[in-house]
Structure formats: C-alpha cells, structure tokens
Novice: 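Below are the structure tokens for one structure; questions will follow.
Numbering of residues begins at 1 and proceeds along the displayed sequence. The structure presented is a predicted model; accordingly, all values stated were derived computationally and were not measured.
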Amino acid sequence: MKRLGGGDRSQAVAIWLWLTAALVFAMVVVGGVTRLTGSGLSITEWKPIMGALPPMNAADWAEAFEKYKAIPQYQQVNAGMTMGEFQGIFFWEWFHRLLGRLIGVVFALPFVVFLVMRKLPRRLIGRCAVLLALGGLQGLIGWWMVTSGLSERVDVAPERLATHLGLALLIFMGLIWTGLEAWNGEERSRSPGGWSRGAAILLGAVFLQCLLGGLVAGAKAGFVYTDWPMMSGGFLPPVDWGKGALAFLHDQALVQFNHRIWAYALLLGGTVYAVQAWRWRLAQGLGAAAFAVAIALWLQAALGVVTLIHAVPLWLGALHQAGAALVLATATVNLWMVRRSQPRLFTSGPRSRGL
C-alpha cells in the first residue's frame, strides 16, 4: 500500500490525538459544571473569534450584564443578581467556550503540520478530517443549544443538550480509536464476529446511557426523586403523558426512570459480557479489558446513586459526568482490542477450569 512518509504508524500522531482527547474530556467535565452552576446562558451572543476575550472593563461588563437581563432566565430565575454573581456564572461559560477554541487550535494546527511533513498515515487522513469537521459542527450545535434558552425558556432544551453532549462524546471516542490506530499500525487480523458485535453493542449501550444522562441533566431531573431504589416511594412516579412523545425528552420522572432502568440493564449486560470474555479467553488481555469495563460500570452506577441521593451537589455531579466519559473510553478501548485480537481457537468450548 502506498503511504505518506510517516508510514503505517506514528507515535507522534497518536500522542497528539490522545492529547486532544484529554482536552475533550476536560471540556465535557467543564460543560457539566457550566450546566450545574446555571451558567450556560450567561453569554447571549456567539462570537467565535472576538468572544475569546472576556469583558475587559466596567463598561463591557455592564453591556454583557444588560444583555443577560433581557432573557427569561434572568427575569424569572435570577432577578436581582449582582454583578459579582453574574461574573461568576459568566466565567464558566466563557471558560467552556475557550476550551472549545483551544481544542480547535490543538487539533487543526498539528493536523496541517503532519500533512505538510507527510507524517500522517494515509489511511488516517480521512478520519482526522472528519474529526476536524465534527469539531466545527460541535461549535454550531453548542450555539443551537444555547439559542433554545434565550427567548421562551429559562434553560436549554434537554434534547439539544443531549445532542451537544453526544457529539462531544463521539469526537472523544473517535480521537481515542484513531490514536490507537496510529500507535499500532494497520489492522492485521480480526476476532470472531460474535465477540466483536458483543463489544460493539456494549459500547453502543454505554453511549446511549450517556445520552439518557444528558436528558436527565437537561430536564434537571436529578434534583427531584432523590430516593433510591424507589422514586418518590414508588416504582415510577406519575408521568405527564399529555406531552406525548416529548415526555421521553422533557418529563422529569420518565427521563430519570429511563436512565435508571438502562443503568440496570448495562450492569447486567456488562457483567455477563465480562464473565464470558474471561471464560473464553479470546486473546491475552481481553478478559482483563472486559472486566475493566464491568468494574467501571459498577463504580459509575454507585457514584450515580450517591450523586442522586445527595441531590446532585456540584462536585458529585461533575465527577459523575467525568465517570461517564471514562466508562465510554474504557468500552471504546475494549472494542478496539477485541477487533484487533488474534483469537485463540477452541475445540471444546470455554476452558473447563476457573470461571
């Protein structure tokens, strides 16, 4: 195969991609803090270039504050807020957007340099270009999300928040996967299709749970029904079905219920997958990777319960969002390892000793 100068693999490219993934991880956590502090609507304009600088003097701060006072969130939720309080929430939204700009620079500039120096494996050029395009789209999705709370709502629409979070996590997964490809070179073999499908289903289930968590966050459902394992003393509190299909996106009881039930399904599925992977020992390390996913799922579930029963304090809420990204990263690496493994062949099923 004809390749650009760097050949089939490049550790420098892998490190660059993983560094960008680390920044995206930080962006996801800061986004959670921005949401929990109610800061997401404090900047009412989208200025991709000039907005990199915060207000620089008293007049600029007064202008920004007046624009915030014109939206429903201030009028219905934060009326009477002081300038100091406004500056506090402004900081988190500005820092969140600044991280987004930094990620764009950290990804785009080395991408061009690697291309010019012919150090980027040819098979990864298209993938990196797609990741760059998704990063640009993420900025647009972020503003689309913010606009939902500037005129008729006092917060952003849950489905738009979940879309924004979901795209960030897709980029995060893509960076991790492409980094593994750059570090290890082109794929030489594959594991049995059934195991690859199982690992892919598990990853998809984790991603779906992250989206359901985004709906919980957007609907502020974590602040209600804070008992566990019941919800307000029952299995499922009354749902406002008058909202129709929108109940699955906006009803606080239903979105939290869905998040809980899917967590239970994930715990069961992830545990069964780990036990089976360990028994079959497809390749060296796969059993440990599967158990790493299962352990991450159990720790994240426990953290979710603790976060819920304490009514989502800032530090626990941020930690829970960070945990979701880490579980997703673990499941991503597991799928990559399964697809890359050289399977051990058996004639009589799983090994008879041990699990």
Novice: Does a side-chain heavy-atom distance below 4.5 Å link Tyr68 with Ile89?
Specialist: yes

Novice: Is any side-chain heavy atom of Leu170 less than 4.5 Å from a side-chain heavy atom of Leu134?
Specialist: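 A side-chain contact is absent here, since even the closest heavy-atom pair is not under 4.5 Å.
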
Novice: If only atom types and distance count, is the side chain of Arg160 paired as donor or acceptor with the main-chain N or O of Trp144 below 3.5 Å?
Specialist: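 Yes, the answer is positive, given that a donor and an acceptor are paired below the 3.5 Å cut-off.
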
Novice: Looking at CG of Leu328 and CZ of Phe25, how far apart are the two atoms once the value is rounded to the nearest 0.5 Å?
Specialist: 11.0 Å

Novice: For Thr20 and Ile171, what are the C-alpha separation, side-chain angles and deciding distance, and is it a side-chain contact (heavy atoms from CB on, under 4.5 Å)?
Specialist: CA-CA 10 Å; Thr20 309; Ile171 295 170; over 6 Å; no

Novice: How far apart are the closest heavy atoms of Ala277 and Ala290, and which atoms are they?
Specialist: CB-CB, 3.6 Å

Novice: Would you say Leu140 ends up clustered with Leu167 if hydrophobic residues are merged whenever their side chains have heavy atoms under 4.5 Å apart, either directly or through other cluster members?
Specialist: yes

Novice: I would like to know whether Glu93 and Arg35 meet salt bridge (Lys or Arg N to Asp or Glu O under 4.0 Å); could you show each step before the answer?
Specialist: CA-CA 9 Å; Glu93 175 63 9; Arg35 171 183 54 80; over 6 Å; no

Novice: Is it true that a side-chain atom of Arg123 and a backbone atom of Asp8 form a donor plus acceptor pair closer than 3.5 Å?
Specialist: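 Checked: pair present.
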
Novice: For the side chain of Glu66 and the backbone of Glu63, is there at least one donor-acceptor N/O pair under 3.5 Å apart?
Specialist: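 Between the backbone of Glu63 and the side chain of Glu66 there is no qualifying donor-acceptor contact (under 3.5 Å).
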
Novice: When you compare the side chain of Glu159 with that of His164, does any pair of heavy atoms fall below 4.5 Å?
Specialist: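 No - every pair of side-chain heavy atoms lies 4.5 Å or more apart.
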
Novice: Quick one: pull up CH2 in Trp241 and CG in Asp251 and give me the separation to the nearest 0.5 Å.
Specialist: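 Rounded to the nearest 0.5 Å, the CH2-CG separation comes out at 7.5 Å.
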
Novice: For the CG atom of Leu165 and the CE atom of Met27, what is their distance to the nearest 0.5 Å?
Specialist: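 Reported value, rounded in 0.5 Å steps: 11.0 Å.
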
Novice: Any side-chain heavy-atom pair from Leu120 and Ile125 closer than 4.5 angstrom?
Specialist: yes

Novice: Taking the six-membered ring for Trp, are Phe257 and Phe235 ring centroids under 6.0 Å apart?
Specialist: yes

Novice: Within the side chain of Arg97, is there an N or O that forms a donor-acceptor pair under 3.5 Å with the backbone of Ile43?
Specialist: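 It does hold such a pair.
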
Novice: With hydrophobic residues grouped by side-chain heavy-atom distances under 4.5 Å, do Trp18 and Val106 end up in a single group?
Specialist: yes

Novice: With a sphere of 6.0 Å drawn around CH2 of Trp46, does it hold more than 12 non-hydrogen atoms of other residues, nucleotides or ligands?
Specialist: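 It does: Trp46 CH2 has more than 12 such atoms within range.
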
Novice: With clusters defined by side-chain heavy atoms of hydrophobic residues (ILVMFWY) lying less than 4.5 Å apart, directly or transitively, does Leu131 cluster with Leu124?
Specialist: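 No, because Leu124 and Leu131 fall into different hydrophobic clusters, even though each may have its own neighbours under 4.5 Å.
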
Novice: Heavy atoms, side chains only, cut-off 4.5 Å: are Phe86 and Ser42 in contact?
Specialist: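 Contact flag for Phe86/Ser42 side chains = yes.
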
Novice: Phe65 ring centre to Lys69 NZ or CZ under 6.0 Å, with the angle to the axis within 45°?
Specialist: yes

Novice: Could you verify whether a donor N or O on one side chain and an acceptor N or O on the other, from Ser10 and Trp183, lie under 3.5 Å apart?
Specialist: no

Novice: Let's go through Ser39 and Phe91 carefully: what are the C-alpha distance in whole Å and the side-chain angles of both, what is the deciding distance for side-chain contact (heavy atoms from CB on, under 4.5 Å) to 0.1 Å, and is it a yes or a no?
Specialist: CA-CA 8 Å; Ser39 305; Phe91 165 79; over 6 Å; no

Novice: Is the backbone of Leu180 close enough, under 3.5 Å, to the side chain of Asn184 for a donor and an acceptor to pair up by distance?
Specialist: yes

Novice: Report the C-alpha separation of Glu181 and Trp336 in whole Å, then their side-chain angles, then the decisive distance to 0.1 Å, and conclude whether the side-chain contact (heavy atoms from CB on, under 4.5 Å) test is met.
Specialist: CA-CA 9 Å; Glu181 292 287 309; Trp336 185 90; 2.7 Å; yes

Novice: Are the side chains of Gln300 and Leu297 in touch, meaning some heavy atoms are under 4.5 Å apart?
Specialist: no

Novice: Could you give the distance from CH2 (Trp298) to CG (Leu267), rounded to the nearest 0.5 Å?
Specialist: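 Trp298 atom CH2 to Leu267 atom CG measures 5.0 Å (nearest 0.5 Å).
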
Novice: If you measure from CE on Met83 to CH2 on Trp61, what distance do you get to the nearest 0.5 Å?
Specialist: 7.5 Å

Novice: Leu212, Leu303: one ILVMFWY side-chain cluster at the under-4.5 Å cut-off?
Specialist: no

Novice: Is the number of heavy atoms from other residues, nucleotides or ligands within 6.0 Å of CH2 (Trp262) greater than 12?
Specialist: no

Novice: Can you name the nearest heavy-atom pair linking Pro237 to Ser232, along with the distance?
Specialist: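 The answer is CG-CB, 4.3 Å.
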
Novice: What heavy-atom pair brings Ala289 and Met337 nearest, and what distance separates the two atoms?
Specialist: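 Here Ala289 and Met337 meet closest at CB-SD, 3.9 Å.
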
Novice: Quick check: do Thr332 and Trp177 have side-chain heavy atoms less than 4.5 Å from each other?
Specialist: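 Counting from C-beta outward, Thr332 and Trp177 do come under 4.5 Å.
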
Novice: Same hydrophobic cluster for Phe223 and Leu314, using side-chain heavy-atom links shorter than 4.5 Å among ILVMFWY?
Specialist: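 Yes, one cluster joins them.
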
Novice: Considering non-hydrogen atoms only, spot the tightest contact between Val146 and Leu150 and give its length.
Specialist: O-CG, 3.5 Å

Novice: Roughly how far, to the nearest 0.5 Å, is the CG atom of Leu208 from the NE2 atom of His259?
Specialist: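 Interatomic distance, His259 NE2 to Leu208 CG, rounded to 0.5 Å: 10.5 Å.
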
Novice: Are the side chain of Gln256 and the backbone N or O of Val224 linked by a donor-acceptor pair below 3.5 Å?
Specialist: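 Checking the backbone N and O of Val224 against the side chain of Gln256, a donor-acceptor pair under 3.5 Å is found.
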
Novice: Test your reading of the model: is there a side-chain donor-acceptor pair from Ser148 to the backbone of Ala157, 3.5 Å cut-off?
Specialist: yes

Novice: Looking at Gln73 and Leu41, would you say the former's side chain and the latter's main chain have a donor-acceptor pair under 3.5 Å?
Specialist: no

Novice: So, for Phe248 and Val255, which heavy atoms are closest and what is the spacing to 0.1 Å?
Specialist: O-CG1, 3.3 Å

Novice: Under a 3.5 Å distance rule, please check whether Arg339 uses its side chain to pair with a backbone N or O of Asn334 as donor and acceptor.
Specialist: no

Novice: Determine whether a donor-acceptor pair (N or O, by modelled atom type, separation under 3.5 Å) exists between the side chain of Arg127 and the backbone of Leu175.
Specialist: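 No; judged by distance alone, with no hydrogens or angles, the pair does not exist.
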
Novice: State, with a plain yes or no, whether a side-chain heavy atom of Leu316 is found less than 4.5 Å away from one of Val312.
Specialist: no

Novice: Given the rule in the side-chain contact (heavy atoms from CB on, under 4.5 Å) test, do Ile309 and Asp227 qualify, once you have shown the distances and angles that lead to the verdict?
Specialist: CA-CA 6 Å; Ile309 63 178; Asp227 53 330; over 6 Å; no

Novice: Between Trp94 and Leu53, which heavy-atom pair has the shortest distance, and what is it?
Specialist: NE1-C, 3.8 Å

